[in-house]
Every structure is written in C-alpha cells, then in structure tokens.
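Starting off with a structure, shown below.
Scope of the values below: all heavy atoms of this structure, side chains included, with no hydrogens, waters or symmetry mates.
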Amino acid sequence: MAGLRRGAGPGGSRPLPYAGPPFGMLRFGLRTGVTEWLLARVPTPRRNPFAFGYLAVVGATTAFGKLANPDLVLRLQEASSSDGHNLLHHPLRALLLSGFWVAGEVWMPYLWGFAFTVAPLERRVGSRRAAAVFAIGHVTATLLSQAVVITAVEAGRLESAAMDYLDIGVSYGVLASLGALAGLLSWRGRLLALGSAATLIAEQIATENDLVTAVGHPAAVLTGVALWRWLRRGPGRPLRSRRAEVPAAGSASAPSPGGAPVLDAR
C-alpha cells in the first residue's frame, strides 16, 4: 500500500501519493558509478602511454597466438622463453621477448591487471619510471627464479628438462608495479595492495607445483618494494609540499610572478 503525505497544493492539505525511497534510481546510480569508476582506470594513450602501448603489444601477440599456426606459435614462444637454457645461450633475447606474451589465451584479465597496477603507478611517477619498474621487476624475478632452477638441476633436485620449461608472461612486471605502487599509497592502501599480493602468491604456492612461480612472484613484489625510496624522490614526486611562509606582521609579502601569492609549489 502506497503511503500518503500532505502537499502544499492549492488547498494546502490535499494528500499526495508518496512514492517511497528511489530504490530503482539508487541501484541505477550505483551501477553507473561503479562502471564509471572502472572505466576511469582503463589505460588510455594520453594518460598512460606506457601501459596502453604495452597492452596493445600483448594484445597483438595474444591474437596472433589464437589465429596463427599452433606449431609456429609454439616455436616463437620457445625462442622467446626465459627458461634456463635460453638464458644461458641467448640472455638478451629471452629477457626482452618473454615479457611480450601472456601465459594463456585470454587477454582481458591483463587489461585489469594493468589498470590497477601499472596505470596508476604511471600516473604518479611518469611513463619512464613506470617502464623502469616494470623492466627491473621482470628481469630481476626472471633471473632469480631461473637461477634457483639451474641450481636445483645442478644439484640433482630437478630433472634437466626443467631447464627447457616454457617461461613467458607479464606477471613479474605487473607484480613489481603493484609492489612499487604500494609505497606511494596511504597506509591503508599499502596494506590492501601488499595484502592482496601476499594472498595471491600464497594461493598460487598452495595450489600450483611450480618452483618458478613460487620464487619469481614474491621476488617481483619485493623488487617493487625495494624501489620505494627511488620513486618517492623522483621528479614530479616531492617528498613533501612546500607552503608559502606566512609573512610577519607589518611586513610586505612577496608577490608571485603572476601577481598572486604562491600557496603550493610543486
């Protein structure tokens, strides 16, 4: 039964129908807000040239992997793999090309992975430093994880075939970006970012029997964490804002070049 309320009509007391709270509009507004919030974080060429360009390259290789001859795709991925054998014989090629493929045939999850790690990091520190974090994380985690594999093979703990296991993907760069981004957030955001990374890594270690992932993913996050000090002191990221000093009573304040007082110099 619809409620009634009195309105200020011509008679002053005419009952008007009361529609109740706008639950339908509230639900629509929430959906619209969430959608806009998500879309605002999708990398674009103007806001995130590095993240956008890298996603375009990864999208192209993913499409190629689906459409091209499977044998050709496998040969190219094996040549690009950063496994122990390739690192020993073709290190530069392996380290560079292994990060241009995704581990699987689905590209969309990587869009959101970049949207919530690489893109916000790039907005804060710039494209060059974001690219540096991504590259450093990818190279460091790859070398550490494969060094463990090579050592285990030499010690007889793993079979020699482990030196040729396919090792491609962008996860090291993404996790390094997440670790680096955490250092630029508030303490709540930092706990959320690092907690999410720790939960993901723990779940992978518990469910996957993969030595490379068990070593490489934590190494990537810790590499990003190790870059906090460098990123905080980088250009465009001052350690603290400088406020104009309040002039003493009776003294003239120094005007800015534009004629207005400078409140915050960045």
Rounding to 0.5 Å, atoms OG (Ser82) and CG (Leu96) come to a distance of 11.0 Å

Quick note, ring pair (Phe, Tyr, Trp, His ring centres under 6.0 Å) partners involving residues 123-166, not counting sequence neighbours, are Phe50-Phe134, Tyr54-Phe134, Phe114-Phe134

Shortest non-hydrogen pair, Tyr172 vs Gly137, comes out as CB-O, 3.9 Å

Heavy atoms of Gly99 and Val170 approach each other most closely as O-CG1, 3.1 Å

By ring-ring contact (aromatic ring centres under 6.0 Å, His included), Tyr110 pairs with (sequence neighbours left out) none

In this structure, CD1 of Ile150 is separated from CG of Leu158 (nearest 0.5 Å) by 11.5 Å

Excluding Leu192, membership of its hydrophobic cluster (Ile, Leu, Val, Met, Phe, Trp, Tyr; side-chain heavy atoms within less than 4.5 Å) reads none

Please tell me whether Met108 and Val118 are part of a single hydrophobic cluster in this structure, the criterion being side-chain heavy atoms less than 4.5 Å apart.
yes

Donor-acceptor contact present, side-chain Ser145 to main-chain Thr142, <3.5 Å = yes

Legend entry - ILVMFWY network linking Trp107 to Trp112, side-chain heavy atoms under 4.5 angstrom: yes

For residues 68-77, which side-chain N or O atoms pair as donor and acceptor with protein atoms under 3.5 Å away, sequence neighbours left out?
{"residue": "Asn69", "atom": "OD1", "partner": "Asp71", "partner atom": "N", "Å": "2.8"}
{"residue": "Asn69", "atom": "OD1", "partner": "Leu72", "partner atom": "N", "Å": "3.3"}

CZ of Phe116 to CG of Leu121, rounded to nearest 0.5 Å, is 15.0 Å

Linking I/L/V/M/F/W/Y whenever any side-chain heavy atoms sit under 4.5 Å apart, do Val58 and Val174 land together?
yes

Applied to residues 174-215, the ring pair (Phe, Tyr, Trp, His ring centres under 6.0 Å) test, sequence neighbours excluded, yields none

Excluding Leu143, membership of its hydrophobic cluster (Ile, Leu, Val, Met, Phe, Trp, Tyr; side-chain heavy atoms within less than 4.5 Å) reads Leu87, Leu95, Val139

Check whether any side-chain N or O of Ser98 sits under 3.5 Å from a backbone N or O of Ser81 as a donor-acceptor pair, and report yes or no. no

Practice item. Answer whether the closest heavy-atom distance between the side chains of Trp101 and Ser80 falls below 4.5 Å. Key: yes

Of all heavy-atom pairs linking Ala176 and Val133, the shortest is O-CG1, 3.8 Å

Item checked: Thr61 and Val102: CA distance, side-chain angles, deciding distance, side chain to side chain contact (heavy atoms under 4.5 Å, CB included) verdict -> CA-CA 8 Å; Thr61 57; Val102 298; 5.7 Å; no

Here the side chain to side chain donor-acceptor pair (under 3.5 Å) pairs for residues 113-122, sequence neighbours left out, are Glu122-Ser127

- Query: Between the main-chain N or O of Val42 and the side-chain N or O of Arg47, is there a donor-acceptor pair closer than 3.5 Å?
  - Reply: yes

Going by chain and number, the hydrophobic cluster around Leu222 (ILVMFWY, side chain to side chain under 4.5 Å) further includes none

Residues Glu78 and Asp83: closest non-hydrogen pair is O-OD2, 4.4 Å

Subject >> Beyond-backbone contact of Val225 with Thr223, side-chain heavy atoms, under 4.5 angstrom >> reply: no

Between Val153 and Ala162, the two heavy atoms sitting closest are CG2-CB, 4.3 Å

Determine whether Glu203 and Thr207 satisfy the following criterion, side chain to side chain contact (heavy atoms under 4.5 Å, CB included), listing intermediate values before the conclusion. CA-CA 6 Å; Glu203 190 272 336; Thr207 58; 3.4 Å; yes

Same hydrophobic cluster for Leu55 and Ile168, using side-chain heavy-atom links shorter than 4.5 Å among ILVMFWY? no

Interatomic distance, CG@Leu231 vs CZ@Arg229, rounded to 0.5 Å, equals 12.5 Å

For Ala119, the side chain to side chain contact (heavy atoms under 4.5 Å, CB included) test, sequence neighbours excluded, returns Pro43, Asn48, Ala51, Arg123

ask   = Just by modelled atom types, is the Leu181 backbone N or O under 3.5 Å from a matching donor or acceptor in the Arg124 side chain?
value = no

Closest heavy-atom pair, Ala141 versus Gly216, reported as atoms and distance to 0.1 Å, is CB-O, 3.3 Å

Residue set satisfying side chain to side chain contact (heavy atoms under 4.5 Å, CB included) with Val148, at least two apart, ordered chain then number -> Leu211, Val215

Using the ring of Trp228 (Phe, Tyr or Trp, six-membered ring only), decide whether Arg190 places NZ or CZ under 6.0 Å from its centre and within 45 degrees of its axis. yes

Residue pairs meeting ring pair (Phe, Tyr, Trp, His ring centres under 6.0 Å), one or both in residues 58-91, sequence neighbours left out, come to His85-His89

Check your understanding: Any luck finding a side-chain donor-acceptor pair between Asp167 and Gln146 under 3.5 Å?
Key -> yes

For this session: Say whether, by atom type as modelled, one donor and one acceptor occur between the side chain of Asn86 and the main chain of Pro91 under 3.5 angstrom.
Result: no

Leu194 and Ile201: same hydrophobic cluster, using ILVMFWY side-chain contacts below 4.5 Å?
-> yes

Residue set satisfying side chain to side chain contact (heavy atoms under 4.5 Å, CB included) with Leu200, at least two apart, ordered chain then number -> Leu175, Gln204

